[in-house]
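Here the structure comes first, spelled out in structure tokens, and everything after it is commentary.
We count ligands from 1, going down the list as the structure has it; atoms in each ligand are counted the same way.
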Amino acid sequence: MQNEKEMKFATKAIHAGLEPDPATGAIMTPIYQTSTYVQEEVGVHKGYEYSRTLNPTRHALEKNLAAIENGKFGACFGSGLAAMDCILKMFNPGDEIISTNDLYGGSYRIFTTIFQKYGIKFHFVSMHDTHEIKEKINANTKMIWVETPTNPMMNIIDIEAVSKVAKTSNCLLAVDNTFATPYLQTPLDLGADIVMHSATKYLGGHSDVVMGALIVKDEKLAKEIYRIQNSSGAVCGPQDSFLVLRGIKTLHLRVQRHCENGKTIANFLKNHPKVDNVYWPGLESHPNHEVAKKQMRDFGGMVSFTLKGNKLADALNVVKKVEIFALAESLGGVESLIGHPATMTHAAIPKEKREKTGVVDSLIRLSVGVEDAEDLIEDLKNALN
Ligand SMILES: *Cc1c(COP(=O)(O)O)cnc(C)c1O
């Protein structure tokens, strides 16, 4: 097969890292539901010894992910947070990490309630531009953590600009690429060192698996990640690896439709009399629209909005009244979901802190699915009236 580096996205998504099963010719990577592998004699084996260390189904997925993120090495975990846990275990007491202040609630929680007590110091800053990052950088800074688009405010952080700061300060740049997916944005091409995914979301794409992934280019960094993956053991199983491999084969098709529907719904909401602000990076009125255009191929299916009057009860009423949109946490599946960040995903963040970043009581977040846009709009229309 031609060099994977020269293939375009969809071809890589469907083929990279995958070979017909050597034993049977099966075109789909088998679910190698096994913990161990028979050795011919001590130390003589086919590359697999024990499934915590390496499993063929997981290995195929790790290679596939590395290819679609334009990286060299992939590592998969039992959840997105397990992938973050692996990154954070690279650091030592006294090390400092600068993170965006508008981020996934679970990321905030692992930083502040788990790793802070092991002596790692976290700073949460606005990354609207790089000046707050520069203010916090010192000799102990080891990593900058970026999530873009951010959850749930859909702010766009200029990855290339932040990577320049990281390079001059000799620290790593990690990007949570869950919302964008590699189809829309490849942070390693923009100077990031580590890409993290909650594969639970768009990569899996069918709301049937919880998984996380890391992708890097640098071999030394990859070795450290594999060492921690094997030593801490938060790996995903072969069945889940199979499901995500299967999901990735249609990632480009699904994300195209997520983007189209996201655009239709953002425009509908923008013109609705009861809606106050609409947050979708594809709108020209979005404050970071130009950065989004520069670093993303399209603008995704995540749309947030607030209601005029900003009443909690009104927002709760909307999320209760929708029928096609399902009231649920998570995102990125084929079905549309609706959520209320202040009481759901961001309940762990203190009220004052969340309101400062825009997560007000009437904020509603949509994960726009791949259904017919007309039906989704009808559903929202009824719920808003
Ligand atoms: C869901 C999510 C995570 C956490 O991933 P899990 O698979 O739920 O552990 C991290 N970052 C973002 C942006 C997410 O949406």
Point to revise | Pair N64-K249, side-chain donor/acceptor within less than 3.5 Å | key: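 Judged by distance alone, the side chains do not pair up.
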Output yes when the distance from some N or O of ligand 1 to some N or O of K201 is under 3.5 Å, and no in every other case.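 Yes, since at least one N or O of K201 sits under 3.5 Å from an N or O of ligand 1.
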Point to revise | Polar proximity ligand 1 side, N151 side, N/O cut 3.5 Å exclusive | key: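 Looking only at distances, the answer is no, because the N/O contact criterion of under 3.5 Å is not met.
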Between ligand 1 and M211, can you find any atom pair, the residue atom being a heavy atom, that is separated by under 4.0 Å?
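Checking ligand 1 against M211, which is what was asked, there is a heavy-atom contact under 4.0 Å.
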L331: numbered ligand 1 atoms lying under 4.0 Å from its heavy atoms: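 Taking each heavy atom of L331 in turn, ligand 1 has 15 (O) under 4.0 Å.
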Closest non-hydrogen protein atom to [atom], residue and atom name please, with distance?
atom	value
atom 12 (C) of ligand 1	D176 OD2, 3.4 Å
atom 6 (P) of ligand 1	G80 N, 3.3 Å
atom 10 (C) of ligand 1	Y104 CD2, 3.4 Å

In a check of side chain to side chain contact (heavy atoms under 4.5 Å, CB included) between S362 and each of D276, V275, L307, which one passes?
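When side chain to side chain contact (heavy atoms under 4.5 Å, CB included) is applied between S362 and each of D276, V275, L307, only L307 qualifies.
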*asked:* Strictly below 4.0 Å, N to O, side chains only: are D158 and K294 in salt-bridge contact?
replied: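 Yes, this pair counts.
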I need the contact type for L81 against ligand 1. Using non-hydrogen atoms and a strict under-4.0 Å cut-off, is it side chain, backbone, both or neither?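 Both backbone and side chain.
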- Measure from NZ or CZ of K356 to the centre of the six-membered ring of F124, then state whether that distance is under 6.0 Å and the direction lies within 45° of the axis.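 No, K356 and F124 do not form such a contact.
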Exercise. Could you tell me how the ring of H252 sits relative to the ring of Y183: parallel (under 30°), tilted (30 to 60°) or perpendicular (over 60°)?
Key: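 Because their plane-to-plane angle lies in the 30° to 60° range, the rings of H252 and Y183 count as tilted.
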Going by the angle between their ring planes, with limits at 30° and 60°, are W280 and F299 parallel, tilted or perpendicular?
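Because their plane-to-plane angle is over 60°, the rings of W280 and F299 count as perpendicular.
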